[in-house]
Student: 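After the structure tokens below, expect a handful of questions from me.
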Amino acid sequence: LPAVAHDAAHFEAIVSCSDDAIVSKDRDGLITSWNPAAERLYGYTSAEAVGQPISILIPPERAGEEREILARALGGEGVESYETERLTKDGRRVFVSLTVSPIRLPGGQISGASVISRDISERRRAFERAERLQDVTIRLAREIRPEQTVAVLLDHALPALGADAGAVGVIDRRSGTLELAGSRGYTPEGVARFRQMPLDARLPMTDVVRTGEPLWLADSDELWPRYSTLPGRRSDFASIAIVPLTVGDEPFGAVSLSFNEPHRFSADERAFVVAIAAQAAGALERARLFDNERRRREQLDFLVEMSEALVSTLDVDVTLERLAALAVPRIADWCSVDLATDDGLRNVTVAHADPARRALALELQRRYPPDPNAPTGAPNVLRTGLPELYSEIPEELLVEAAEDAEHLRLLRELGMVSGMVVPLVARGSTLGALTLVSAESGHRYTEEDMTLAEKLALHAALAIDNAALYRREHEAALALQRALLPAHVPAPAGVEVAVRYLPAGPGLEVGGDWYDLVAMDDDSLAVVVGDVAGRGIHAAAVMGRLRTALRAYILDGHRPAAAVDRLDAVMEDLEEPSMATLVHVALDTSSGRAEYVVAGHPPPLVREPDGEVRELDERGRPPVGVGLRHSSQTAHCTLAPGSMLLLYTDGLIERRAQGLAPGLAQLRAALATAPYEAEGCADAIVERLTSEALDDDAAVLVLRFEGRSKRAPWRRR
Amino acid sequence: VAKIDLSERVEGGMKVLRVDGEVDLSTSPRFSAAIDRLGSAAAGPLVVDLTACSYLDSTGLAALLRGAGRSAGFAIVAGDGAPREVLHVTQIDETVPVFDTLERARQAALDRP
């Protein structure tokens with residue numbers, strides 16, 4: 001018995017000194033013993049715990065687990081190193097590893113169970129952190145956007161350490177500050193305060209970025225003496241951990257974690273934060289490179305889009321307006337384009353995403369036109385041909401530029417932050433200047449932006465140059481066309497004739513449309529309308545030759561069929577193959593009888609004196625000039641006195657999306673209701689058919705047949 | 001700017017040039033070059049299929065007519081769209097055979113001695 005008593009006392013001593021919580025319970029699950037380590041782990045004193053059911057330690061969802069453990073112990077079986085969760089007195093959950101053994105009475109019956117609980121919370125957290133680190137690594141590897149990378153970093157680092165708030169700061173080399181790239185858990189005022197920190201500031205985060213050393217401040221006694229000037233209340237956070245984000249040897253930012261309660265950072269926690277920061281740093285660097293690449297690609301796309309927009313029109317002002325409209329807001333908040341003129345410069349366009357702001361700039365332009373001798377800005381760039389970059393537009397620059405107080409007020413109102421002026425240079429001469437200003441966006445232009453602006457200017461300058469070249473050619477072709485086509489044609493007695501030549505919409509080259517009228521001595525009158533395929537000077541030149549050749553055949557006495565077939569032969573001698581469609585009508589001005597050939601041309605229309613409109617749809621032959629050597633079929637008709645004959649080219653009725661039929665119907669309707677007089681009729685038809693810009697040039701000839709009885713005198717029109 | 005898609009194939013002893021899109025001033029040089037090249041190639045008569053062509057201007061007509069003048073058995077297939085109307089108005093359908101379908105063009109080619 002003394003031996004047993006000695007053993008029992010010895011056992012008691014061991015139990016009370018154990019670092020492991022040792023608890024025993026009876027067959028009913030009531031606690032019968034409770035050692036000091038159990039008090040430390042679970043929070044209950046021995047007096048509080050003994051006599052209570054063991055279930056006070058069991059989370060509700062694990063009640064079944066406890067019944068099973070007790071049943072096994074009472075059945076004589078033990079449980080070893082069973083990892084589970086238990087509740088403390090204050091409701092926290094702790095991870096424990098349980099070893100349960102049956103307690104046998106000397107007689108061998110089992111009276112209860114002893115439970116040894118080892119606190120494995122820290123081990124468990126370390127394991128979770130390892131899992132989390134693995135998870136974070138995989139996620140970061142997937143992220144390609146800096147903001148997403150920052151979000152992944154914060155969303156994992158905070159819960160892993162139980163931090164209450166966290167932030168990531170990244171150095172902005174341009175402004176020399178550490179900028180907040182993302183944060184969690186801080187008040188809006190806190191975020192606002194640390195949005196931009198000068199790199200040389202005495203702040204925990206900037207210190208870490210400067211030194212490259214992590215900072216672990218466990219409580220306010222460590223924190224506040226070092227950062228007594230830290231804005232905010234002393235009670236804001238008790239503990240912080242800050243780890244630099246480093247690629248190579250150079251820190252480019254830092255992760256900061258803040259805790260409301262004092263927090264001792266275990267070696268394991270420190271290792272975790274350093275590891276996750278290293279992963280995030282690599283991911284951020286990749287994201288930055290990717291972002292640069294994406295920006296370059298966007299710039300390229302922008303330039304491609306820009307050059308497409310610029311080449312699709314040949315009008316200089318329209319080109320520049322498009323340029324400006326494309327530039328805002330993508331690369332500037334304001335964009336203005338000035339062109340060099342003989343006596344200085346002319347503002348072509350000012351663009352801003354907001355029309356009200358644009359009005360402000362226009363007002364400024366109107367009230368204070370730029371001085372052509374100004375030492376900076378567009379006038380200077382026009383003179384020197386050299387670009388200007390203002391990474392900042394300080395107040396002094398505005399004061400210097402302002403002519404008076406009102407001017408200064410307007411300049412200030414523009415809210416200019418940064419600006420660039422680049423010359424528009426083509427074939428060695430400065431055509432104008434492109435001004436790009438950032439305002440609302442707050443963007444500060446750099447050399448890199450300047451490179452993009454210069455590329456843009458190059459495209460624009462080439463487009464302007466191209467448009468000017470085109471305009472010269474277009475004007476030359478139009479001049480040729482006008483020289484080849486008489487504006488008025490002499491009409492013999494008994495007929496009244498009106499002609500119109502309608503150029504196609506702006507930006508389109510002149511076509512090869514023509515009309516002609518040849519009066520002979522024998523009362524016969526030849527009326528012709530034709531159309532050479534193709535555009536530009538070539539088509540106009542071919543038209544001139546065809547018109548002359550056909551006149552010659554007519555004057556030589558050839559009837560329409562013979563004249564047109566000869567014209568077909570003439571076209572084979574042209575240097576470049578061409579094709580033309582035409583209508584040739586030979587009218588006897590005394591009788592009204594006519595013979596005609598329609599060569600691949602839309603049908604002439606006749607309005608009878610009673611207003612009915614009919615088509616001269618007898619088919620004559622296919623177009624001339626394609627080497628098919630087809631003989632013309634002559635058709636006949638008679639014009640009653642008072643009827644009107646309308647010849648035209650397909651440009652008048654053809655709409656690309658609709659074909660010919662709707663336009664022809666419209667033309668018939670216009671002719672039916674047009675005034676009973678050649679000039680008025682031509683005006684009415686032109687007005688009706690050109691409500692939209694024409695896709696193609698058009699020629700129109702209206703002939704009103706009076707008949708000889710009217711004895712109308714010869715007239716010139 | 002007009003869009004055009006030209007596809008060439010040899011089918012049933014005919015060379016078929018299928019035009020998808022618009023033939024106008026900007027696309028007719030390509031159209032014309034394809035006709036010239038195919039027209040001079042052996043492997044049977046050339047058929048230009050305009051079923052999927054939504055617009056045909058006078059420069060396109062000129063290319064067709066030149067093709068017709070140079071290559072024997074030249075034919076055009078046009079459904080009932082804009083090109084058919086233009087081929088009719090210009091009376092080109094009186095000089096160059098125009099068929100409603102490719103099948104009819106093939107049949108006509110087979111019937112020819």
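This one's a predicted model, so the numbers in the text were calculated from it and none came from an experiment. Reminder, nothing fancy here: chain letters follow the sequence lines and each chain counts from 1.
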Student: For the CG atom of B:Asp57 and the CG atom of A:Asp696, what is their distance to the nearest 0.5 Å?
Tutor: 8.0 Å
Student: Which region of A:Ala661, side chain (C-beta onward) or backbone (N, CA, C, O), has a non-hydrogen atom less than 4.5 Å from a non-hydrogen atom of chain B, or is it both or neither?
Tutor: both
Student: For chain B, find which of A:Gly620, A:Ala599, A:Gly659 contributes the most heavy-atom pairs closer than 4.5 angstrom.
Tutor: A:Gly620
Student: When rounded to the nearest 0.5 angstrom, what is the spacing between CZ in A:Arg621 and CD in B:Gln91?
Tutor: 9.0 Å
Student: Under the criterion side chain to side chain contact (heavy atoms under 4.5 Å, CB included), which of B:Leu65, B:Leu64, B:Thr90 is the partner of A:Met579?
Tutor: B:Leu65
Student: Heavy-atom cut-off 4.5 Å, strictly under: side chain, backbone, both or neither for A:His630 against chain B?
Tutor: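 Contact with chain B is through the side chain of A:His630 alone.
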Student: Quick one: closest heavy-atom pair of A:Arg619 and B:His88, and the distance?
Tutor: NH1-O, 2.8 Å
Student: Where on B:Leu61 is there a heavy atom nearer than 4.5 Å to chain A: the side chain, the backbone, both, or neither?
Tutor: both
Student: For A:Pro622, is there any backbone N or O sitting under 3.5 Å from a side-chain donor or acceptor partner on B:Glu94?
Tutor: no
Student: Tell me whether A:Glu572 at atom CD has more than 12 heavy atoms from other residues, nucleotides or ligands lying less than 6.0 Å away.
Tutor: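 Counting neighbours around CD of A:Glu572, more than 12 heavy atoms of other residues, nucleotides or ligands fall under 6.0 Å, so yes.
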Student: Pick from B:Gly69, B:Ala68, B:Ala62, B:Ala82: which one has the most heavy-atom pairs with chain A under 4.5 Å?
Tutor: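 If we count pairs closer than 4.5 Å to chain A, B:Ala62 comes out on top.
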Student: Please report the closest heavy-atom contact between B:Val86 and A:Glu654, naming both atoms and the distance.
Tutor: CG2-OE2, 4.1 Å
Student: Closest approach of A:Pro602 and B:Val89, non-hydrogen atoms and distance?
Tutor: CA-CG1, 3.6 Å
Student: Would you say B:Arg104 has more than 12 foreign heavy atoms packed within less than 6.0 Å of its CZ?
Tutor: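 It does not: B:Arg104 CZ has 12 such atoms or fewer within range.
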